[in-house]
2 protein chains.
Amino acid sequence: MTGVLVVDDDPYLLRALRITLRAHGYDVTVAEDGRAALLAAARTPPSLVILDLGLPDMDGVAVLATLRSWSQVPVLVLSARHGSADKVQALDAGADDYITKPFGLDELLARLRALRRRSLDDAEPTLVTTDAFTVDLGKRRVTRDGEDIRLTPTEWKMLEILVRNPEKLITQQQLLSEVWGPAYAKETNYLRVYMAQLRRKLEPDAGAPRHLLTEAGIGYRFMP
Amino acid sequence: MTGVLVVDDDPYLLRALRITLRAHGYDVTVAEDGRAALLAAARTPPSLVILDLGLPDMDGVAVLATLRSWSQVPVLVLSARHGSADKVQALDAGADDYITKPFGLDELLARLRALRRRSLDDAEPTLVTTDAFTVDLGKRRVTRDGEDIRLTPTEWKMLEILVRNPEKLITQQQLLSEVWGPAYAKETNYLRVYMAQLRRKLEPDAGAPRHLLTEAGIGYRFMP
DNA sequence: GCGGATCTTGATGAATCCTTGATGCCGCCC
DNA sequence: GGGCGGCATCAAGGATTCATCAAGATCCGC
């Protein structure tokens, strides 16, 4: 499902957008100020962001700049200002599109479609290599000795979390709640089963792992 | 040098744009009607296109659609019309941005920067070959053993997305929302039906696919 | 309208994946 | 040395997902 984060302080517009976007199949999250928007974007990264520049707590361009510091998500900016200086500022801060109020909902939907069309070919060239295997986070692919390794969805989720935090200790609870959900925080069994499978598929000697390490009683750690 | 093709029939605007864009480091080509624009774009493919919808010889949207049939170059549309129906039509025909006259030159420049930022990873091969079949993304054609393969519109859309992202895993949700729209993100049935058809038409052995691979529970992947 | 192509929808067996329990190993403390 | 807790491994079941087929429903050009 395509997730859209709508950031605006006008409750009426918010309501209209939520209804319209839901009716067109988007999964809508809303935020009424900049702080809430950044929190929401960090917690559940959306596929698209609609951002009003006139927010009560902080400048819209500042929100955009902060978001851009860690996310490449396409952003469509809303503004009541027609002045070209504002547009220039927003576009240069990293906005992908700019639309002035008032606007037609069909135009907004068309611009969203155009944005999403472009967002697919954002090749995220993050490649993590060890001397045994290579993980391509963008293409979602693992290779070993030139051969593709086939991972199940659960195996991949676990590996992705570990690989995105190299050398960092990930607790069992972190892994369980990220992969299976917070309700599974005590099912440490799952971790053993899947860690064993990952090692069998990736480690040269699954009995003596060198990259997927166990920290007894605490969690696991990935070493490049 | 970034090449910009400017298509407009107003000689004054053309002159102003040429001077301004050259001053900002762009390499400018101009065309005064649709036919000349398409010829120029075909002969020396530009990095960006600025297209006025009001042309003397043919409808601007038709020019855009024709251009889109073989090129993915970012297009910024100029129009004197403020109506949202026009915008929707242009954006759905493949425009990447839309700006109404009159406009500020600094806004135009900012939008051009935003467009160029998004299209950095060009180098788009229009011809993708495997040892079983060949896909010509520009001409929208698929050949196998020298024979043309007939694809339905839906089959083509699906294949195009996969082929434009070689080796990359495309999730079921990405495929569904690109081909059928975001509201269909749960109809994974469609994917199976059409993937089976694509394999029957393209794979030497549809039962053991080598180029259109299934990642169970996640999505599909194209391997050249 | 009519006919053909294309798109939906449902049903079936096969393949894959997740869960769960049992078993054995290792290190540690009593 | 024996008991214990945490870990690794294995295998089987049940659940989910996939491939395939075929029958309507719908769209489109003539």
Side-chain angles (χ1 to χ4, degrees), chain A residues 25 140 142 148-160 162 169-181 183-222, chain B residues 140 142 148-162 169-181 183-222:
Chain A
R140 198 160 178 163
V142 183
D148 268 28
I149 302 293
R150 169 172 286 276
L151 295 186
T152 73
T154 308
E155 286 164 6
W156 172 263
K157 277 194 229 164
M158 232 173 88
L159 181 64
E160 185 181 15
L162 290 168
L169 174 59
I170 311 291
T171 68
Q172 296 171 347
Q173 281 66 35
Q174 273 178 292
L175 276 175
L176 285 167
S177 62
E178 291 270 345
V179 177
W180 281 271
Y184 290 73
K186 300 209 168 154
E187 305 285 344
T188 56
N189 252 348
Y190 293 3
L191 297 181
R192 298 197 198 97
V193 173
Y194 281 94
M195 186 56 69
Q197 286 175 1
L198 278 179
R199 282 171 178 156
R200 193 166 47 238
K201 290 181 176 180
L202 302 180
E203 293 273 5
D205 179 3
R210 290 167 42 218
H211 303 104
L212 299 169
L213 309 181
T214 300
E215 301 280 342
I218 311 181
Y220 294 88
R221 188 197 305 272
F222 166 71
Chain B
R140 242 172 200 258
V142 184
D148 268 27
I149 301 290
R150 223 183 138 61
L151 293 186
T152 72
T154 307
E155 286 165 4
W156 172 260
K157 277 195 227 166
M158 232 174 89
L159 181 64
E160 184 181 17
I161 294 170
L162 289 167
L169 174 57
I170 310 293
T171 68
Q172 296 170 348
Q173 281 66 35
Q174 282 176 315
L175 275 175
L176 285 167
S177 68
E178 288 286 331
V179 177
W180 283 270
Y184 290 74
K186 298 203 169 157
E187 305 285 345
T188 56
N189 255 355
Y190 294 5
L191 297 180
R192 297 198 199 98
V193 173
Y194 281 94
M195 186 57 68
Q197 287 174 1
L198 278 178
R199 281 171 178 158
R200 197 163 42 238
K201 290 182 177 180
L202 302 180
E203 292 273 5
D205 178 4
R210 290 168 43 219
H211 303 103
L212 298 169
L213 308 182
T214 300
E215 299 279 343
I218 315 181
Y220 294 87
R221 189 199 303 273
F222 166 72

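So that the names make sense, note that chain A is the first sequence line, chain B the second, and so on, each numbered from 1. All values below were derived from every heavy atom in this structure, side-chain atoms included, with hydrogens, water molecules and symmetry-related copies excluded.
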In chain order, what residues pass the side-chain hydrogen bond (donor to acceptor under 3.5 Å, both in side chains) check against [X], with sequence neighbours excluded?
| X | value |
| --- | --- |
| A:Q174 | A:T171 |
| A:E215 | A:R221 |
| B:T214 | B:R199 |

(message) Using a strict heavy-atom distance below 4.0 Å, which residues from residues 206-213 of chain B are in contact with DNA chain D?
(response)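 B:A206, B:G207, in order of number.
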
Choosing from [options], which nucleotide comes nearest the side chain of [X]?
| X | options | value |
| --- | --- | --- |
| A:T214 | D:dA8, C:dT6, D:dC21 | D:dA8 |
| B:T152 | C:dC7, D:dA19, C:dC18 | C:dC7 |
| B:A196 | D:dC7, D:dT20, C:dT16 | D:dT20 |

(request) Would you please confirm or rule out a distance under 4.0 Å between OP1 or OP2 of D:dC7 and any side-chain N or O of A:R192? (result) yes

(message) Please determine whether a side-chain nitrogen or oxygen atom of B:R200 lies at a distance below 4.0 Å from atom OP1 or OP2 of D:dC21.
(response) yes

(message) Once side chain to side chain contact (heavy atoms under 4.5 Å, CB included) is applied, do any residues pair with A:E155, and if so which ones, sequence neighbours excluded?
(response)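 Testing A:E155 for side chain to side chain contact (heavy atoms under 4.5 Å, CB included), a comparison that skips the adjacent residues, returns A:L151, A:T152, A:Y194, A:Q197, A:L198, A:K201.
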
(request) Sugar-phosphate means primed atoms, P, OP1 and OP2; the rest is base. With that split, encode nucleotides 24-30 of chain D 5' to 3' as B, S or - using protein heavy atoms under 4.0 Å. (result) -------

(message) What's A:Q172 touching, base or sugar-phosphate or nothing? Going by heavy atoms closer than 4.0 Å.
(response)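 Counting heavy atoms under 4.0 Å across all strands, the contact made by A:Q172 is with sugar-phosphate only.
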
(request) Mind checking A:T188 for me? I need base, sugar-phosphate or nothing, with any heavy atom below 4.0 Å counting as a touch. (result) nothing

For nucleotides 19-21 of chain C, which of its nitrogen or oxygen atoms have a protein nitrogen or oxygen under 3.5 Å away, and what is each distance?
from   : atom 1 : to     : atom 2 : distance (Å)
C:dT19 : OP2    : A:W180 : NE1    : 2.8
C:dT20 : OP2    : A:Y190 : OH     : 2.3

Nearest whole angstrom, please: distance from the [atom2] of [N] to the [atom1] of [X].
| X | N | atom1 | atom2 | result |
| --- | --- | --- | --- | --- |
| A:Q173 | D:dG6 | CD | C1' | 14 Å |
| B:M158 | C:dT6 | CE | C1' | 15 Å |
| A:D205 | D:dT9 | CG | C1' | 14 Å |
| B:M195 | D:dC18 | CE | C1' | 12 Å |
| A:I218 | D:dG6 | CD1 | P | 13 Å |
| A:L151 | C:dC18 | CG | P | 11 Å |
| A:L175 | D:dC7 | CG | P | 12 Å |
| A:Y220 | D:dC7 | OH | C1' | 7 Å |

(request) Over all heavy atoms of both residues, which pair between A:P153 and B:A216 is shortest? Give the atoms and the distance, please. (result) CG-O, 3.4 Å

(request) Determine the minimum heavy-atom distance between A:L162 and A:M195, stating which atoms define it. (result)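 Here A:L162 and A:M195 meet closest at CD1-CE, 3.8 Å.
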
By salt bridge (charged side-chain N to carboxylate O under 4.0 Å, His left out), which residues pair with [X], not counting sequence neighbours?
| X | answer |
| --- | --- |
| A:E178 | none |
| B:D205 | none |
| A:R210 | A:D131 |
| A:E160 | A:R164 |

(request) Flag the pair A:W180 / A:L191 as yes when at least one side-chain heavy-atom distance between them is below 4.5 Å, and no otherwise. (result)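 Yes, close enough: below the 4.5 Å cut-off.
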
(message) Can you pull out every ring pair (Phe, Tyr, Trp, His ring centres under 6.0 Å) where at least one residue sits in residues 201-222 of chain A? Sequence neighbours excluded, please.
(response) A:F133-A:H211

